[in-house]
Amino acid sequence: MGLFETLKERNLLYQSTDEEKLKYLLEHEKVTVYTGTDPTADSLHIGHCVPCTILRRFQQAGHKVIILVGGATAAIGDPSGKTDMRPMLTREQLEHNIEGIKRAFSRFLDFDGENPAIIVNNADWFKNYSYVDFMRDVGVHFNVNKMIANEIYSKRMEEGGLTFFEMGYMLMQAYDFLYLNKTYGCNVQWGGADQWGNIVAGAELGRKMNFLDGKNRTMIGVTNPLLLTPEGKKMGKTEKGAIWIEKDKISAYDFYQGIYQTPDACVEMMFALFTDEPMDKVRAMIKENIVKAKKRLSFEITKFVRGEEDAILAENMSNNLFKSAGVDKSNAPTFEINMTNESIGLLNLLVNAKFVQSKGEARRLIEQNGLSMDGEIIKDSALILTKSALTNGILFKKGKKNYLLIKTK
């Protein structure tokens, strides 16, 4: 099965500015495809990696892959689907985040070998591009009425908070595609469905430039469906936070459990993205036993992202933790705290261990009988725990499936 048929069969191709041309190119030529990411954090969570899992298939099929890191666009912040303006990052923060993202992408793409993927930073071509020249070259091709009617800006407009600063984001991303086409022969841009407006803008800019200079650039925009929870939120985070790719940000157990918490409706697409399992086999497995399918999914994605050793460890921990006979402390995920005092408040302990996001969350769980300690429901949010009590560890449970053993170093 060719790449185009694989993408369609796995339901990974959602929208395209020219699907017929894309099909022809993938069947008869080698393309150069790029996806972009803004370095707003120093790692990626599982939701960020969706386009990258697809570009992995492009690279395996012999196509050229480019990862664009938005060192310039991140200074503005993508307003897509946002109700508030993103916080602006310093140059130092951006440089730190870019290095982390480069490491994360190496989990999915080969940056060596005969057909290496490459990473580019749009700060390199924007840093010497004057505002006046950019507006004369690019801004003149954008109609403001059409821009503000775009879904990208709708939420920001409804809230009455869209800034002119943010409106420049679409222009910059459109120019990125044009620049990569001129410099690397890049003819396909891939992204999530929430980027459709920005991606179309790039393809349209190429079409207008073709008309002006008589060239015949091929610039095709494509999106994949978004991984959405039943509430309509993008996948990538759980009640405990983001499912990070970097090992130092999340334990193997928490990564595995984060995948296991995937909503049932997203399981098929997660298999399609992160595994090479035949889809007829996947659909049959889901229909027969969704719990078994989610366990298989959790193992395969943990293995793919973190390695087989972590996958086996996390699977064994999960199996041992959830046996009907009870929980074995020796297999529980563990947090070691360095206590300088002889005692610590329960809420401070749970926040420090990142078992809860805030003291407020802990209080709510206690009020709802949703927190337990060594099998006993916690009733008192003002509880004080001694250093000696934590020497051998206390096993905390949140909800039905979240466990953490907290002990002193």
message: Please check this pair: side chain of Lys247 against backbone of Arg306, looking for a donor-acceptor N/O pair closer than 3.5 Å.
response: yes
field: Heavy-atom closest contact (Cys186 atom, Asn181 atom, distance)
entry: O-ND2, 2.8 Å
message: Using a 6.0 Å distance limit plus a 45 degree cone around the ring axis, check whether Lys398 lies over the aromatic ring of Phe355.
response: yes
task: Starting at OG of Ser343, measure out to CG of Leu383 and round the result to the nearest 0.5 Å.
output: 10.5 Å
task: Identify the two heavy atoms, one from Val356 and one from Ala362, that lie closest to each other, and give their separation to 0.1 Å.
output: CG2-CB, 4.1 Å
query: How about Ile394 and Ile406: do any of their side-chain heavy atoms sit closer than 4.5 Å?
result: no
- prompt: Taking only residues two or more places apart in sequence, or in another chain, which ones meet Asp213 in a salt bridge (charged side-chain N to carboxylate O under 4.0 Å, His left out)?
  reply: Arg217
- request: Work out which heavy atom in Gly191 is nearest to a heavy atom in Thr35; give both atom names and the distance.
  value: CA-OG1, 4.3 Å
- request: Could you tell me whether the side chain of Ile344 reaches within less than 4.5 Å of the side chain of Leu390, counting heavy atoms only?
  value: yes
- prompt: Is the shortest heavy-atom distance from the side chain of Tyr175 to the side chain of Phe126 under 4.5 Å?
  reply: yes
- prompt: Does Thr223 reach the main-chain N or O of Trp196 with its side chain, forming a donor-acceptor pair under 3.5 Å?
  reply: no
Residue pairs passing the ring pair (Phe, Tyr, Trp, His ring centres under 6.0 Å) test where at least one lies in residues 266-305, sequence neighbours excluded: Phe108-Phe304
message: Check this for me: does any side-chain nitrogen of one of Glu204 and Arg207 sit under 4.0 Å from a carboxylate oxygen of the other?
response: yes
query: Does Glu268 come within less than 4.0 Å of Lys287, counting only side-chain N to carboxylate O?
result: no
query: Do Leu297 and Val282 have side-chain heavy atoms sitting under 4.5 Å apart?
result: no
task: To the nearest 0.5 Å, tell me how far Asn224 CG sits from Met269 CE.
output: 5.5 Å
message: List the residues meeting ring pair (Phe, Tyr, Trp, His ring centres under 6.0 Å) with Tyr34, not counting sequence neighbours, and say none if there are none.
response: Phe177
- request: Answer with yes or no after comparing the ring centroid distance for Tyr403 and Tyr253 against a 6.0 Å cut-off, counting only values under it.
  value: no
- prompt: Have Gln173 and Gln189 got a donor and an acceptor in their side chains that come within less than 3.5 Å?
  reply: yes
- prompt: Which heavy atom of Leu3 sits nearest a heavy atom of Ala61, and at what distance?
  reply: CD2-CB, 4.3 Å
- line: So CZ of Arg296 and CD1 of Ile286: to nearest 0.5 Å the spacing works out to 11.5 Å
message: Using a 3.5 Å distance criterion without hydrogens, assess whether the side chain of Asn352 forms a donor-acceptor pair with backbone atoms of Asn348.
response: yes
task: For Ala284, enumerate each residue passing the side-chain contact (heavy atoms from CB on, under 4.5 Å) test, keeping only those at least two apart in sequence or located in another chain.
output: none
task: Compare every heavy atom of Leu12 with every heavy atom of Trp190, then report the nearest pair and how far apart it is.
output: CZ2-O, 3.5 Å
message: Tell me if a side-chain donor or acceptor on Lys64 pairs with a main-chain N or O of Pro116 at a distance below 3.5 Å.
response: yes
- prompt: side chain to side chain contact (heavy atoms under 4.5 Å, CB included) between Thr302 and Glu315: does it pass, once the steps are laid out?
  reply: CA-CA 9 Å; Thr302 306; Glu315 184 179 57; over 6 Å; no
query: In Å, rounded to the nearest 0.5 Å, how long is the span from CG of Leu347 to CD1 of Ile384?
result: 8.5 Å
message: I need the minimum non-hydrogen distance between Gly221 and Ile199, along with the two atoms involved.
response: CA-CG2, 3.3 Å
- request: Return the set of residues passing side-chain contact (heavy atoms from CB on, under 4.5 Å) with Glu29 (not counting sequence neighbours), or none when no residue passes.
  value: Tyr24, Leu25
Test item: His48 side-chain N/O and His45 main-chain N/O as donor-acceptor pair under 3.5 Å: yes
- request: With the side chain counted from C-beta on, respond yes when Gln15 and Gln195 share a heavy-atom pair under 4.5 Å apart, and no when they do not.
  value: no
query: Do Leu346 and Asp380 pass the side chain to side chain contact (heavy atoms under 4.5 Å, CB included) test, and can you show the C-alpha distance, the side-chain angles, and the key distance before you say yes or no?
result: CA-CA 9 Å; Leu346 171 68; Asp380 184 6; over 6 Å; no
message: Within the supplied structure, the quantity of interest is the number of heavy atoms (other residues, nucleotides, ligands) at a distance under 6.0 Å from Glu309 CD; does it exceed 12?
response: no
query: Can you list the residues that meet the side-chain hydrogen bond (donor to acceptor under 3.5 Å, both in side chains) rule with Thr32, with sequence neighbours excluded?
result: none
query: Can you find a pair of side-chain heavy atoms, one from Leu227 and one from Leu273, that are under 4.5 Å apart?
result: yes
message: Between Leu350 and Leu404, does the side chain to side chain contact (heavy atoms under 4.5 Å, CB included) criterion hold? Intermediate values first, please.
response: CA-CA 10 Å; Leu350 297 177; Leu404 184 66; over 6 Å; no
task: Walk me through it: do Phe255 and Ile46 pass the test side chain to side chain contact (heavy atoms under 4.5 Å, CB included)?
output: CA-CA 10 Å; Phe255 184 92; Ile46 205 75; 4.1 Å; yes
query: Within the side chain of Lys208, is there an N or O that forms a donor-acceptor pair under 3.5 Å with the backbone of His141?
result: yes
message: To the nearest 0.5 Å, what is the distance between OG1 on Thr334 and CD1 on Ile337?
response: 13.5 Å
- prompt: Considering residues, nucleotides and ligands other than Lys30, do more than 12 of their heavy atoms fall under 6.0 Å from its NZ?
  reply: yes
message: For Lys295, is the NZ atom crowded, meaning more than 12 foreign heavy atoms sit under 6.0 Å from it?
response: no
Residues that Phe111 engages under ring pair (Phe, Tyr, Trp, His ring centres under 6.0 Å), provided they are two or more places apart: none
field: Test item: Asn122 side-chain N/O and Gly71 main-chain N/O as donor-acceptor pair under 3.5 Å
entry: yes
- request: Kindly state each residue pair satisfying side-chain hydrogen bond (donor to acceptor under 3.5 Å, both in side chains) with at least one member in residues 4-13, sequence neighbours excluded.
  value: Lys8-Glu19
- prompt: With sequence neighbours excluded, what pairs up with Gln59 under the side-chain hydrogen bond (donor to acceptor under 3.5 Å, both in side chains) test?
  reply: none
message: Nearest 0.5 Å, please: how far is SG in Cys52 from CG in Leu109?
response: 4.0 Å
query: Taking Lys294 for the side chain and Thr262 for the main chain, is one N or O donor matched with an acceptor at less than 3.5 Å?
result: yes
query: Can you tell if the side chain of Ser298 reaches within under 4.5 Å of the side chain of Lys303, non-hydrogen atoms only?
result: no
field: Partners meeting salt bridge (charged side-chain N to carboxylate O under 4.0 Å, His left out) with Arg103 (sequence neighbours left out)
entry: none
message: The criterion is ring pair (Phe, Tyr, Trp, His ring centres under 6.0 Å); which residues satisfy it with Tyr179, sequence neighbours excluded?
response: Trp125
query: Would you say Leu13 and Leu22 make side-chain contact, with heavy atoms under 4.5 Å?
result: yes
message: Holding to side-chain hydrogen bond (donor to acceptor under 3.5 Å, both in side chains), I want the full list of residues that pass it with Ser251, two or more places apart in sequence or in another chain.
response: Asp254
message: I'd like to know if the side chain of Asp110 reaches the main chain of Asp112, judged simply by a donor and an acceptor atom lying under 3.5 Å from each other, with no hydrogens or angles considered.
response: yes
